[in-house]
Amino acid sequence: MKYQKLENQEAHWKWLYLTKKAREGEQITRYEERSLQQEMVRRLITAQNNAAETEEWVKTHLSPNLVVKLDQAIRARRKRFFNAEKQTTKKKSIDLEYSVWLRLSRYAKKMKMTLSETITYMIDERESKAAYEHQMSAMKEGLKDLLKK
């Protein structure tokens, strides 16, 4: 296993995930009866700060449809949590309009690069172009000064 499991932390993540799903109206329990579902969700909510109780609730009452989804969500959360410890592995995000993302995506595929590599490449190209323009303007100024003399 690449990432360490922290039981209390993961129980809290499970609690957050399940309560969010319950608020959104998704069925998180294995029970069909509405009143029983509500009672089990209420019990889960009261188990907020008790990791052992949350884990027991998941083992006992979790809907079979959510077992895989919950595991995937926790695995992803664990990965993000540990990757966020280092500046180099921490993920950053930017908001792009769809049309901009589409152009960037096409360009990245054409260049056979990732989106990040493509953005870096484009920035490097722009910086080298700016440096070239600066050199050219300095040379023109130098030539003008030379011709004035």
Nearest 0.5 Å please: distance from the [atom1] atom of [X] over to the [atom2] atom of [Y].
{"X": "Asn65", "Y": "Leu70", "atom1": "CG", "atom2": "CG", "value": "12.5 Å"}
{"X": "Gln37", "Y": "Thr29", "atom1": "CD", "atom2": "OG1", "value": "4.0 Å"}
{"X": "Arg75", "Y": "Glu10", "atom1": "CZ", "atom2": "CD", "value": "10.5 Å"}
{"X": "Ser63", "Y": "Lys21", "atom1": "OG", "atom2": "NZ", "value": "11.5 Å"}
{"X": "His12", "Y": "Tyr17", "atom1": "NE2", "atom2": "OH", "value": "15.5 Å"}

Verdict with supporting geometry, Trp57 and Leu18, side-chain contact (heavy atoms from CB on, under 4.5 Å): CA-CA 11 Å; Trp57 190 98; Leu18 291 170; 3.9 Å; yes
Any side-chain heavy-atom pair of Trp13 and Arg78 under 4.5 Å: yes
Close side-chain approach of Val67 to Leu62, heavy-atom, < 4.5 Å: yes
Test item: Trp15 side-chain N/O and Ala47 main-chain N/O as donor-acceptor pair under 3.5 Å: no
Donor on one side chain, acceptor on other, Ser137 and Glu133, under 3.5 Å: no
Exercise: identify the closest heavy-atom pair between Ala11 and Thr54: O-CG2, 3.5 Å
Would you list the atom pairs, donor with acceptor, under 3.5 Å between side chains in residues 98-115 and any protein atom, with sequence neighbours excluded?
from, atom 1, to, atom 2, distance (Å)
Thr114, OG1, Glu117, N, 3.1
Thr114, OG1, Glu117, OE1, 3.4

Sequence neighbours excluded - side chain to side chain donor-acceptor pair (under 3.5 Å) pairs with any residue from residues 120-132: none
From CA spacing to verdict: side-chain contact (heavy atoms from CB on, under 4.5 Å), Leu16, Lys20: CA-CA 6 Å; Leu16 288 172; Lys20 179 180 178 232; over 6 Å; no
Ring geometry between Tyr31 and His61 (parallel below 30°, tilted from 30 to 60°, perpendicular above 60°): tilted
Chi angles and distances behind the side-chain contact (heavy atoms from CB on, under 4.5 Å) call for Lys69, Leu66: CA-CA 5 Å; Lys69 288 182 183 180; Leu66 278 181; 4.0 Å; yes
Salt bridge (Lys or Arg N to Asp or Glu O under 4.0 Å) partners of residues 28-55, not counting sequence neighbours, each pair once: Lys14-Glu55, Glu39-Arg42, Glu39-Arg43
Ile28-Val68 co-clustered via ILVMFWY side chain contacts under 4.5 Å: no
